[in-house]
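Scroll down for the structure; my scribbles are underneath it.
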Amino acid sequence: METRNLRNIAIIAHVDHGKTTLVDAMLKQSGTFRANQQVIERVMDSNDLERERGITILSKNTSVHWQGTKINIIDTPGHADFGGEVERVLQMVNGVLLIVDSFEGPMPQTRFVLRKALELKLIPIVVINKIDRPDARPAEVVDEVLDLFIELGAEDEQLDFPVVYASARAGVAGHAPDALADSLVPLFSVILEHIPAPVVDLEAPFQMLVTTLDYDDYVGKIAVGRIVRGTVHQNENVTLIKRDESFERVKVGKVMIFEGLKRQDVPEASAGEIVALTGLTSANIGETVACALSPEALPTIEIDEPTLSMNFMVNNSPFAGREGHFVTSRKLRERLFKEVETNVSLRVAETDSADCFQVSGRGELHLSILIENMRREGYELQVSKPEVIYKMIDGVKCEPIEFLICDLQENALGSIMELLGKRKAEMANMSSLSATQLRLEFKIPARGLIGFRGDFLSETRGEGMMSHMFLGYEPYKGDIPGRNRGALIAFEEGETNAYGLYSAQERGNLFVDPGLHVYAGMIVGENKREQDIEVNVCKKKQLTNMRTSSADEALRLDKPREFSLEQSLEFINDDELVEITPKSVRLRKKFLDHSSRVRYSKTLTGK
């Protein structure tokens, strides 16, 4: 057994606590970039969606060199919906940097990722970030982190964690909030001192667990993982041990290690190193790559099950095929099953219909990111309302329960409590963050969170913050009321105009502008009453020689309500769908024909 001059760490935290910004600062101060090199902010967020939304969706590998030691760093997602990414990559490291906001303190995802790290016996370093915030409360946050460690059953060695105070944006760190160095040297020193180097056997037969898959247009599939023992060489014959314990003889192409933001070809790599291997075209996540002469399997990766499902369907609206390139069920099926190969938290199942697939994931954001990626790739599809996945446990119907944290102003407390009460939420704790700001903690059914975010932001006037994580399954809590307003449905196909919209806006809130093409059965607004109603938004004013349009007063239309993809998924009812194309997101009824909708409603009411 040998120890290598190497450290493998993952950076874990709740969303927006500064993980990717800290990696930026570590890369710059370790000399990874040239002095005159232009580097974009949040350089690790390379995906277009990540840069637009300001969140990390996929885990990324990089490395820095400090005082002769190589430090492999894995930047992980902070949102609970992408917890599967975090669970996988923690298998590759020996320690974690737990980033905690100096004001917000531990949040739901902090609890989730820390629990996974402690279960794997990883050594933690706590970084209290954004220490330069005017409302920072570092002493209280450290106490809250310690309480969380104890609550999660940390071992004595893990409880004796070092604390570093930092401002990732400013690139400074220190061992006390009021004694910061002008660089991240204290953080690098703590990493080298406390994170153990991998203890490895270089002479044993080669073994590696595939933890991440990547794809390159030139070399094809790339398998990423940490070498557990032995050495791997370029063009070496190895054995791929599948999940069903079957063996497959394969040949390694290139062997690459991570240097800064790039992959570097090397002739060989040894145990403890995180590597990327090409040539393993049939490799999947959780499988073992082993020596060809004496193959031995490593334990597979166990990932928490999905809690939410939706139906993905071929687009059959009157406008199908106008804006997308991939519209057939064959193309849709290929894309969904390809996603399952790399997205381990996702499940895809075929249904009785060849045009419909049931897709299950960790949450609304998890599924909406997949939909958004597909529409950008040129796919057209329709999706149904998200539904939670129930389980029968000991003969009792159980549903997924989420742990919800809401930060809000005191004046919004009453309305939020009323909203959550209707959604079967149970308060677990209430604490004060400042003179006017409160933190509320709830246990709430996952289905109670569908559509809640929009109401929450409205009631808090955009000032509230909410986050949640999966807790477990509990007995069914009872019915939760859905949307209490009906839809305004387009009466006929055509182009909307100001005259037709002006007449329709008296019925409720509109979602469309003049000059938009609509079809019969498409949802163009929300009714003020509970019932659905058909409106003719394409109706034109009849002009004669006795009355002209210029003689009438100008028609003033209210600004239509605009929906993002997530808001569309939250808005729809069971008898409605969201139509997604590369250029448009439309709401529609499942049955476009009026008489079919009437028959369907009668079957629901039993009349």
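Small disclaimer: the values here were computed from a predicted structure and weren't measured. Position 1 is the first residue of the sequence, and the numbers go up from there. All values below come from the heavy atoms of this structure, side chains included, with hydrogens, waters and symmetry mates left out.
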I need the minimum non-hydrogen distance between [X] and [Y], along with the two atoms involved.
X    : Y    : value
P196 : N94  : O-CB, 3.7 Å
T239 : A292 : OG1-CA, 3.4 Å
V200 : A271 : CB-CB, 3.5 Å
N61  : M92  : ND2-CE, 4.1 Å
P177 : L180 : O-CG, 3.8 Å
I123 : I195 : O-CD1, 3.6 Å

**OP:** Assess R362 against F470: is NZ or CZ under 6.0 Å from the centre of the six-membered ring, and within 45 degrees of the ring's axis?
**Re:** no
Original post:
Does NZ or CZ of R333 come closer than 6.0 Å to the centre of the six-membered ring of F337, within 45° of the ring's axis?
Top reply: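 Relative to the ring axis of F337, which defines the angle, R333 lies inside both limits.
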Note, [X] side chain near [Y] side chain (heavy atom, < 4.5 Å):
X    : Y    : result
V255 : P267 : no
E402 : L471 : no
R243 : E287 : yes
I222 : L277 : no
F403 : I444 : no

Strictly below 4.0 Å, N to O, side chains only: are [X] and [Y] in salt-bridge contact?
X    : Y    : result
D214 : R263 : yes
K70  : E273 : yes
R376 : E372 : yes
R133 : D101 : yes
K242 : D244 : no

So does [Y] get a backbone contact from the side chain of [X], meaning a donor-acceptor N/O pair under 3.5 Å?
X    : Y    : result
N72  : I9   : no
S368 : E364 : yes
T76  : I11  : yes
T288 : L298 : yes
E151 : L148 : no
R229 : P205 : yes
R7   : H194 : no
R347 : G361 : no
S167 : K130 : no

Donor on one side chain, acceptor on other, [X] and [Y], under 3.5 Å:
X    : Y    : result
Q91  : T211 : no
S282 : E248 : yes
N373 : E339 : no

**OP:** Measure from the ring center of Y379 to the ring center of F326 and say whether it is less than 6.0 Å.
**Re:**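 Yes - the distance between ring centres of Y379 and F326 falls below the 6.0 Å cut-off.
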Working to the nearest 0.5 Å, report the span between [atom1] of [X] and [atom2] of [Y].
X    : Y    : atom1 : atom2 : result
K251 : N235 : NZ    : CG    : 5.0 Å
Q158 : L114 : CD    : CG    : 8.5 Å
S360 : L346 : OG    : CG    : 7.5 Å
N5   : I71  : CG    : CD1   : 10.0 Å
T212 : R226 : OG1   : CZ    : 13.0 Å
M466 : C406 : CE    : SG    : 6.0 Å

Given [X], which partner from the list [options] fulfils the side chain to side chain contact (heavy atoms under 4.5 Å, CB included) test?
X    : options                : answer
W66  : I191, L192, L187, L184 : L192
L22  : D75, N129, I99         : I99
L565 : I369, L367, I371       : I371

**OP:** Determine which pairs satisfy side chain to side chain donor-acceptor pair (under 3.5 Å) with at least one residue from residues 141-150, sequence neighbours left out, and list them in order.
**Re:** R137-E144
Original post:
Step by step, would you call Q264 with F258 a side-chain contact (heavy atoms from CB on, under 4.5 Å)?
Top reply: CA-CA 6 Å; Q264 179 178 318; F258 294 90; over 6 Å; no
**OP:** Determine whether more than 12 heavy atoms belonging to other residues, nucleotides or ligands lie under 6.0 Å from atom CG of D182.
**Re:**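 No, because the 6.0 Å sphere around CG of D182 holds 12 heavy atoms or fewer from other groups.
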Subject >> More than 12 heavy atoms from other groups under 6.0 Å of CG on L293 >> reply: no
**OP:** Take F312 and L370 through the test side-chain contact (heavy atoms from CB on, under 4.5 Å) and record every step on the way to the result.
**Re:** CA-CA 11 Å; F312 282 46; L370 169 61; 4.2 Å; yes
